[in-house]
Amino acid sequence: MSTQRFDPNKAQNLIEIEKQFAVKAVEHAQTYWNLLEKIPPRELKLSKLDDEIFEHTVTTFPEFNAEGHEKLLKLDEDWLKSGEGKKKWRDFINQYETKVKDFNFGSLIRTDATKEYSETNTIFVTRMQFYAIEIARNRLGLNDKAHEIAKADAEKERLKKETEVAKPDKKHGKS
């Protein structure tokens with residue numbers, strides 16, 4: 001084992017590791033969408049620290065708490081990843097290093113809270129950014145529309161499965 005100091009800025013990304021992180025991020029997004037379907041967002045708890053994270057988020061990012069909550073409703077990826085945004089988020093995130101498991105793991109988040117996950121409505125953020133933004137969206141009622149969409153999608157899937165089960169099995173000559 002090398003005793004040289006590891007420099008993450010010079011590290012190569014191994015394709016297999018990247019795939020594993022992508023799979024974890026997608027699983028996390030699917031789990032969250034399933035929760036949004038089943039639990040009204042204002043009642044949803046994402047961690048033991050939801051109260052603390054919410055207060056810290058709206059204090060650190062007052063733009064999220066502005067009238068209409070536009071910055072929370074529709075995330076601005078350029079703002080999140082700007083020099084100023086990165087520094088502000090890094091300082092915020094690092095305060096949870098010993099408090100939140102996997103605080104800096106990657107997560108997928110919807111850029112528009114009124115829509116479902118899709119290729120054009122998803123960006124990659126850290127787990128703490130996900131918690132901060134989604135806890136605030138839930139508390140402020142900004143995920144209510146997503147909750148309705150998720151419930152409607154689940155109902156469509158249920159009806160589709162019922163229809164498939166009720167269809168006669170033509171392959172085996174059954175009617």
Does some side-chain heavy atom of Ile93 sit less than 4.5 Å from a side-chain heavy atom of Gln129?
yes

For Lys88 and Pro62, which heavy atoms make the closest approach, and how far apart are they?
NZ-CD, 4.4 Å

Just do the salt bridge (Lys or Arg N to Asp or Glu O under 4.0 Å) check on Glu77 and Lys81 with the steps written out, would you?
CA-CA 6 Å; Glu77 186 175 10; Lys81 296 182 178 181; 3.0 Å; yes

Rounded distance (nearest 0.5 Å) linking atom CG of Asp102 with atom NE2 of His28:
9.0 Å

Of all heavy-atom pairs between Gly106 and Ala25, which one has the smallest distance, and what is that distance?
O-CB, 4.1 Å

By side chain to side chain donor-acceptor pair (under 3.5 Å), Ser107 pairs with (sequence neighbours left out) Arg127

Ion pair check, Glu70 and Lys74, cut-off under 4.0 Å
no

Hits for side chain to side chain donor-acceptor pair (under 3.5 Å) against Asp91, two or more places apart or cross-chain, chain-then-number order -> Lys87

Using a distance-only test with no angle check, is there a side-chain donor-acceptor pair under 3.5 angstrom linking Asn34 and Thr31?
no

Do you know which two heavy atoms are closest between Val100 and Leu49, and how far apart they sit?
CG2-CD1, 3.8 Å

Working to the nearest 0.5 Å, report the span between CE of Met128 and CD1 of Ile133.
10.5 Å

Are there more than 12 heavy atoms of other residues, nucleotides or ligands under 6.0 Å from atom NZ of Lys71?
yes

Determine whether His56 and Gln95 make a side-chain contact, defined as any pair of heavy atoms from C-beta on separated by less than 4.5 Å.
yes

By side chain to side chain contact (heavy atoms under 4.5 Å, CB included), which residues pair with Thr57, not counting sequence neighbours?
Ile53, Phe61, Phe64, Phe92, Ala132

A side-chain contact here means heavy atoms from C-beta on lying under 4.5 Å apart; do Leu36 and Asn138 qualify?
yes

Quick one, Asn121 with Glu116, criterion side-chain hydrogen bond (donor to acceptor under 3.5 Å, both in side chains). Give me CA distance, side-chain angles, the key distance, then yes/no.
CA-CA 7 Å; Asn121 193 44; Glu116 59 192 297; over 6 Å; no

Thr114 and Ile149: which non-hydrogen atoms are nearest, and at how many Å?
O-CD1, 3.2 Å

Heavy-atom check, side chain of Leu108 versus side chain of Val26, under 4.5 Å
yes

side-chain hydrogen bond (donor to acceptor under 3.5 Å, both in side chains) assessment of Arg110 paired with Asn143
CA-CA 10 Å; Arg110 294 166 299 122; Asn143 273 333; 2.7 Å; yes

How about Ile109 and Thr122: do any of their side-chain heavy atoms sit closer than 4.5 Å?
no

Passes side-chain contact (heavy atoms from CB on, under 4.5 Å), Asn94 versus Trp89? Steps please.
CA-CA 8 Å; Asn94 286 337; Trp89 276 110; over 6 Å; no

Side chain to side chain, Asp153 and Trp33, heavy atoms closer than 4.5 Å
yes

Can we call the ring centroids of Tyr96 and Tyr131 under 6.0 Å apart?
no

Say you draw a straight line from CD of Glu52 to CD1 of Ile135; how long is it, rounded to the nearest 0.5 Å?
10.0 Å

Short N-O contact, Arg158 and Glu162, less than 4.0 angstrom:
yes

Quick one: do Phe103 and Phe105 end up in the same hydrophobic cluster if we chain Ile, Leu, Val, Met, Phe, Trp and Tyr together by side-chain heavy atoms under 4.5 Å apart?
no

Quick check for you: to the nearest 0.5 Å, what is the distance between Phe124 atom CZ and Phe130 atom CZ?
12.5 Å

Grab the two heavy atoms, one from Ala146 and one from Ala113, that are nearest each other, plus how far apart they are.
CB-O, 3.6 Å

Under 4.0 Å between a Lys/Arg side-chain N and an Asp/Glu carboxylate O for Lys161 and Glu164?
no

Pairwise side-chain contact, Arg42 with Asp144, heavy-atom cut-off 4.5 Å (strictly under):
yes

Measuring from atom NZ of Lys45 to atom CD1 of Ile39, what distance do you get when rounded to the nearest 0.5 angstrom?
12.0 Å

Are any of the side-chain nitrogens in Glu134 or Arg137 under 4.0 Å away from the carboxylate oxygens of its partner?
yes

Could you tell me the separation between the CG atom of Leu73 and the CG atom of Leu140, rounded to the nearest 0.5 Å?
10.5 Å

Test: Asp51 and Arg139 ion pair at under 4.0 Å
yes

Any non-hydrogen side-chain atom of Ser47 less than 4.5 Å from a side-chain atom of Asp50?
yes

